[in-house]
Amino acid sequence: MMRERLFNKSIKKTIIIFSATFLFAGVSLAQAQTNNQSQKTTVINGKTYIQHSVSAKDTYYQLSRIYGVPVKDIMAANNKKNLRVGDAVIIPAKEEPKKAEQKPQVVQNDTTKEKDNKTLGNPNGQTIQAKILTEYKVGSNETLYSIAKRFSTSVDNIKKLNSLSTDTLHEGQTLKIPDGNVVVIERETAPAAISIPVPDNISKEEIEFETNRYGIREKKEKGIGIWMENLESAGKSNLALHRTAPVGTILKITNPLTKSVTFAKVVGKFSDTSESRDAIVILSKSAASYIGALDKRFLIEITYGAPVN
């Protein structure tokens with residue numbers, strides 16, 4: 001009988017302990033749910049905190065369990081003050097992990113070179129002027145359109161800057177990305193040289209026109225011209241030597257076969273040599289190329305104004 005009473009008392013004590021434990025857990029859960037539903041937040045120095053009103057038996061450890069925030073963080077936010085019923089405390093809000101944004105794979109450039117207006121050359125003999133924003137490595141399945149859209153530029157600007165003739169790209173290819181429009185400047189080239197046959201029995205022809213009211217008489221000569229390799233001075237390339245025309249005279253030079261015309265400035269006279277014996281003028285090589293003269297000797301017409309003696 002005594003054993004039965006002791007056994008019953010032991011069972012009752014166990015039931016009471018378990019009941020108290022479950023009741024405490026239920027109260028904590030209900031309190032957490034109530035707090036979560038009616039949470040008020042505040043922002044201090046750019047960081048979000050939850051406002052909590054201290055109730056009986058609240059401790060830093062209890063708040064840590066309710067909000068899932070480390071005890072040391074709650075204590076630091078509240079300067080480790082003693083908790084009193086009715087006091088307001090702040091709980092650091094848990095930050096949700098942010099998904100890593102997929103950023104363009106950009107080849108880092110020297111920042112001193114970014115956005116400088118650069119003059120570049122390309123294989124087509126053109127000059128390109130553009131500001132370079134950065135260099136970009138092409139990813140898998142990327143197109144010129146998607147890359148242009150990403151950097152707020154156009155497909156045409158990217159193709160010009162990188163001298164691309166097609167829209168085809170391959171993974172790992174490095175592209176220069178422009179900042180603004182790309183300007184392509186075509187290089188000027190002299191006309192293609194033409195071989196002009198010169199008859200063996202050509203004779204010098206000189207025509208003089210009537211003097212104008214300024215005392216200048218226009219002279220026209222037709223005959224053989226030759227060009228000289230080193231006849232250039234101070235960056236000026238269209239120069240000429242003439243037997244009688246004063247220094248500074250401007251000669252109008254015409255190719256009678258192609259009708260190509262250029263002008264040259266007389267910078268001196270020349271005397272007869274084995275090469276220039278029957279020539280009427282000696283031109284710089286560049287002046288001869290402008291009228292399409294390829295051979296050293298070529299047929300030519302010149303017109304210039306000469307003062308009356």
Side-chain angles (χ1 to χ4, degrees), residues 3-112 114-115 133-143 145-153 169 171-175 177 179:
R3 289 181 180 179
E4 185 177 349
R5 287 179 180 179
L6 292 174
F7 178 75
N8 289 338
K9 286 183 179 180
S10 177
I11 290 177
K12 288 180 180 179
K13 186 182 287 187
T14 303
I15 293 173
I16 290 171
I17 293 173
F18 275 104
S19 298
T21 302
F22 283 119
L23 179 61
F24 179 76
V27 170
S28 298
L29 179 60
Q31 184 178 0
Q33 290 176 344
T34 302
N35 286 336
N36 287 337
Q37 290 174 356
S38 58
Q39 283 179 358
K40 291 184 179 180
T41 59
T42 184
V43 178
I44 302 174
N45 295 330
K47 190 172 182 179
T48 304
Y49 294 87
I50 301 169
Q51 295 178 339
H52 176 87
S53 180
V54 178
S55 59
K57 297 184 180 180
D58 270 351
T59 64
Y60 282 119
Y61 176 74
Q62 181 66 16
L63 295 177
S64 173
R65 290 184 61 188
I66 293 172
Y67 292 100
V69 178
V71 174
K72 64 178 182 178
D73 293 347
I74 301 176
M75 294 181 69
N78 294 277
N79 296 320
K80 300 181 180 180
K81 70 178 182 179
N82 294 327
L83 300 183
R84 297 177 182 177
V85 176
D87 282 355
V89 295
I90 54 176
I91 313 295
K94 294 175 66 177
E95 295 183 1
E96 295 182 0
K98 296 181 179 179
K99 293 182 179 179
E101 296 181 1
Q102 186 176 0
K103 296 182 178 180
Q105 188 177 2
V106 175
V107 180
Q108 294 294 330
N109 282 341
D110 185 353
T111 55
T112 59
E114 287 188 0
K115 297 189 177 181
L133 176 65
T134 187
E135 290 185 348
Y136 178 74
K137 187 173 290 185
V138 178
S140 177
N141 298 323
E142 284 193 302
T143 64
Y145 175 77
S146 64
I147 295 172
K149 189 175 180 181
R150 173 173 292 173
F151 290 98
S152 300
T153 185
L169 299 177
E171 184 177 355
Q173 180 177 356
T174 300
L175 296 176
I177 305 299
D179 180 19

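- Side-chain contact between Leu175 and Leu169 is present, with heavy atoms from C-beta onward closer than 4.5 Å.
- Here Thr59 contributes atom OG1 and Leu83 contributes atom CG; the two are 7.5 Å apart, rounded to the nearest 0.5 Å.
- Contacts of Thr143 classified as side-chain hydrogen bond (donor to acceptor under 3.5 Å, both in side chains), with partners at least two apart in sequence or in another chain: Ser146.
- Within the model, atoms CD1 of Ile91 and CD of Gln51 stand 10.5 Å from one another, a figure rounded to the nearest 0.5 Å.
- The CD atom of Glu142 sits 4.5 Å away from atom CD1 of Ile147, with the distance rounded to the nearest 0.5 Å.
- To the nearest 0.5 Å, atoms NZ (Lys81) and CE (Met75) are separated by 12.5 Å.
- Minimum interatomic distance between Ser64 and Val71 (heavy atoms only, all atoms of both residues): CB-CG2, 3.5 Å.
- Nearest heavy atoms, Asp58 versus Ser53: OD2-O, 4.0 Å.
- Under the side-chain contact (heavy atoms from CB on, under 4.5 Å) criterion, Lys57 pairs with no residue at all, not counting sequence neighbours.
- The CG atom of Asp179 lies 8.5 Å from the OG1 atom of Thr153; values are rounded to the nearest 0.5 Å.
- Among residues two or more places apart in sequence or in another chain, the side-chain contact (heavy atoms from CB on, under 4.5 Å) test is passed with Ala88 by none.
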Using a 3.5 Å cut-off and no angle test, enumerate the donor-acceptor pairs between side-chain atoms of residues 42-50 and protein atoms at least two apart in sequence or in another chain.
none

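- In this structure, the separation between OH on Tyr60 and CG on Asp73 is 12.5 Å, given to the nearest 0.5 Å.
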